[in-house]
Enquirer: 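Got a structure for you, written out below as structure tokens; questions coming shortly.
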Amino acid sequence: MSPAAYVFLSVILFVIGGIGVLVRRNAIVIFMCIELMLNACNLAFVAFARMHGNLDGQVVAFFVMVVAAAEVVVGLAILMAIYRARKSASVDDANLLKY
Amino acid sequence: MTTLAATGALRASWLLLAFPIFGAAVLLLGGRRTDKWGHLLGVAMPLAAFVYGLIAFFTLLGYSGNREIDLHMYSWIPVAGFQANIGLLIDPLSICFVLLITGVGSLIHIYSVGYMAHDSDRRRFFGYMNLFIAAMLLLVLGDNYLALYAGWEGVGLASYLLIGFWQFKPSAAVASKKAFVVNRVGDAGLSLAIMLMFAEFGTFTFTGVFNGSKSAGSGVALALGLLLLLGACGKSAQLPLQSWLLDAMEGPTPVSALIHAATMVTAGVYLMVRSNPILAQAADARIAVAIVGAATLLFGGIIACAKDDIKKSLAGSTMSQIGYMMLGAGLGPAGYAFAIAQLLAHGFFKAGLFLGAGSVMHGMDDEVNMRRYGALARVMPVTSVTFGLAYLAIIGIPPFSGFFTKDPIIDAAWESGGTSGWLLGAAAIIGAGITAFYMTRMVLMTFAGTKRWEEHAHPHESPAVMTWPMIILAIGSVGAGAFLIVNDRLVNFLAPVVGVPPVSHGIWTGPGLIALALALIAVAGAWAIYGRVPVPETAPRGSFVTVAARKDLYGDAFNESVLMRPGQWLTRLSVYFDSRGVDGLVNTTAATIGGSSGRLRRIQTGFVRSYALSMLLGAVLLVAGLLVVRL
């Protein structure tokens with residue numbers, strides 16, 4: 001199977017994730033979309049690692065996973081706090097910091 | 001010039017300054033607590049200084065050789081390369097001034113006790129007067145130009161405070177401000193001169209500057225001479241800085257007598273005579289001094305002829321008499337001693353005239369218009385006799401003071417040679433005639449003729465505390481000139497400081513006799529106009545000269561049109577340029593940035609997705625950019 005197919009899949013997943021971040025209002029869903037974008041990147045890294053025959057891409061994929069896990073911890077904590085304060089997980093409601 | 005360190009009685013010469021400073025400090029800081037006895041302290045302090053002045057004078061006479069005694073008081077600014085010391089120089093020139101200032105000053109203080117008796121602020125008045133005496137003594141006693149300058153500014157301050165003593169009168173407040181501002185022009189000249197001295201000679205002391213000036217270039221000496229002359233013009237009300245003196249008559253009459261006739265306005269003459277080694281190096285500056293003096297003596301005399309206000313007429317006369325002194329000082333060693341003689345005699349007779357005028361005003365409810373006087377000789381016998389003696393002194397009738405002191409100046413001017421000598425001498429002779437005219441006019445309008453009093457006026461002779469100082473000054477007016485001039489007493493006394501006149505004049509001189517004849521003709525002329533026929537109560541229109549002289553020969557108009565209005569235009573132009581040009585540029589820039597950032601901040605919507613979109617766009621742009629560069 002040609003590596004191009006993995007890259008195309010990765011691009012499709014990244015775009016789906018990006019569109020999800022831009023158009024959805026529920027913070028949990030946005031979060032999941034971000035995870036999707038990160039994992040699209042992971043897929044691309046791993047695919048390229050396999051293509052070039054070295055381990056650099058796979059190592060970076062592990063780093064991304066670690067960062068993603070840390071991000072989930074912090075992000076979900078913030079999300080919980082916002083939900084407790086506002087009884088809503090919509091990101092449009094939290095718009096006080098503006099001009 | 002070399003000086004000896006002070007010994008014996010002269011070691012205490014700081015007392016001269018300490019007495020009046022103590023008086024001023026107590027009276028001005030003590031407040032209303034000192035109201036009851038303040039005037040007594042105010043009189044006692046100048047008297048004490050006068051007594052010490054006499055002691056110092058006789059001690060100085062006891063020195064046979066060098067009579068220039070220096071007393072170092074303290075180091076004012078002891079910095080390496082800038083030594084400013086306060087020291088007193090007791091020499092023949094300064095001791096003359098000390099005796100004049102404290103002697104005439106004490107008499108005027110005594111007179112003021114009576115004159116200011118009904119003023120609720122008499123204590124403050126005496127405080128300022130003592131402050132003046134202290135500053136004036138520092139001016140004449142300082143052994144360096146910086147101390148002289150401190151005193152110079154001190155008398156300017158006292159003059160300002162005393163002209164505006166009745167500050168509730170707008171005219172007095174304005175007059176004091178005018179005097180201060182005009183004096184500032186002259187003071188700038190003096191301060192520039194002092195800076196130039198320091199730059200050239202590295203010192204302010206008279207000794208150092210005079211020794212240095214001998215080897216200085218003629219350009220430096222000329223610049224110093226002219227700058228000092230500018231300073232002298234401001235303080236002594238000489239052309240072109242004469243305009244403040246006539247307005248200065250808004251102050252109480254004793255102030256006019258002490259500050260604006262006898263002492264402060266003669267400080268310019270002191271400065272010129274003291275700086276004689278500098279003038280000796282700058283012949284052109286000396287000519288300028290003589291020309292200023294000659295021009296002012298005519299200018300002041302013409303103004304004095306037309307004024308109906310007795311004090312303003314006397315003020316014009318003061319300008320004119322100081323013009324004689326400046327003329328004398330401008331003639332070099334031929335005139336210095338006679339300028340000082342005229343100054344001392346003038347101190348007596350002009351103070352006497354002012355005190356007489358004050359006495360008349362005191363009796364006439366502060367009326368100053370001579371057209372409302374007349375026939376006062378019978379009701380004010382003492383005032384009229386003392387005024388008359390001072391009158392004979394000022395117009396130079398022998399054997400009164402003015403004859404002895406003015407004629408040598410006229411003769412020295414005439415003898416100075418060339419066209420300039422002829423012109424200066426002629427101006428001095430004509431000035432003598434003008435002096436006789438306006439003084440005769442004043443005496444006739446005030447003491448002779450018919451009563452032209454206001455209905456409520458009840459003139460009376462002044463109390464003894466006022467008449468005795470006038471009597472003593474009248475005696476001085478009669479005798480001072482002969483005492484100073486006969487046997488060349490003053491000339492010999494001052495010779496170590498100012499040099500010896502090249503020719504001895506004697507008492508009767510040709511130009512002096514012409515001046516005397518002209519004065520007698522002027523007296524007759526004045527009698528024909530103001531004595532033979534009644535004086536009208538309202539001033540007649542008069543010729544164009546009279547009209548001009550009533551307006552101070554357009555001195556104020558000149559200042560207004562040439563200096564004040566262009567100055568106002570300049571400030572208006574600067575304000576316009578500042579608000580429209582500089583401020584406009586700055587404000588436009590600020591408004592542009594403020595407005596555009598106000599619109600720009602609308603980008604911050606607060607919605608997460610818009611931020612996410614901008615991040616995405618940024619990332620896309622970045623990637624696109626990289627691709628473009630790669631391709």
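As the structure is a computational prediction, the values presented were derived from the model and not from experiment.
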Enquirer: Can you tell me if CE on M564(B) sees more than 12 non-hydrogen neighbours from other groups inside 6.0 Å?
Expert: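 Yes.
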
Enquirer: Under a 4.5 Å heavy-atom cut-off, does chain A meet the side chain of L613(B), its backbone, both or neither?
Expert: both

Enquirer: Report, as yes or no, whether the 6.0 Å neighbourhood of atom CZ on F168(B) holds more than 12 heavy atoms from other residues, nucleotides or ligands.
Expert: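 Atom CZ in F168(B) is packed in, count exceeds 12.
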
Enquirer: For F165(B), I'd like to know if atom CZ has over 12 heavy atoms of other residues, nucleotides or ligands within 6.0 Å.
Expert: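 Counting neighbours around CZ of F165(B), more than 12 heavy atoms of other residues, nucleotides or ligands fall under 6.0 Å, so yes.
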
Enquirer: Considering residues, nucleotides and ligands other than I77(B), do more than 12 of their heavy atoms fall under 6.0 Å from its CD1?
Expert: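 Yes, CD1 of I77(B) has more than 12 neighbouring heavy atoms, counting only those of other groups under 6.0 Å.
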
Enquirer: Considering residues, nucleotides and ligands other than R184(B), do more than 12 of their heavy atoms fall under 6.0 Å from its CZ?
Expert: yes

Enquirer: First locate atom CZ of F607(B), then atom CG of D93(A), and finally report the distance between them rounded to the nearest 0.5 Å.
Expert: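 Answer rounded to 0.5 Å: 9.0 Å.
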
Enquirer: In Å and rounded to the nearest 0.5 Å, what is the CZ to CG distance from R609(B) to D92(A)?
Expert: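 Atom-to-atom, R609(B):CZ and D92(A):CG are 4.0 Å apart.
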
Enquirer: Looking at Y611(B), I'd like to know if its OH atom is crowded, meaning that more than 12 non-hydrogen atoms belonging to other residues, nucleotides or ligands lie closer than 6.0 Å.
Expert: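 Counting other residues, nucleotides and ligands, OH of Y611(B) exceeds 12 neighbours.
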
Enquirer: So if I take each residue of residues 9-34 of chain A and look for any heavy atom under 4.5 Å from a heavy atom in chain B, which residues do I end up with?
Expert: V21(A), L22(A), R25(A)

Enquirer: Counting neighbours of NZ on K551(B) that are heavy atoms of other residues, nucleotides or ligands and sit closer than 6.0 Å, is the number greater than 12?
Expert: no

Enquirer: When rounded to the nearest 0.5 angstrom, what distance separates CD1 in I603(B) from NZ in K98(A)?
Expert: 15.0 Å

Enquirer: With chain B as the partner chain, list the residues of residues 56-82 of chain A whose heavy atoms fall under 4.5 Å from it, by residue number, and write 'none' if nothing qualifies.
Expert: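 So no residue qualifies.
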
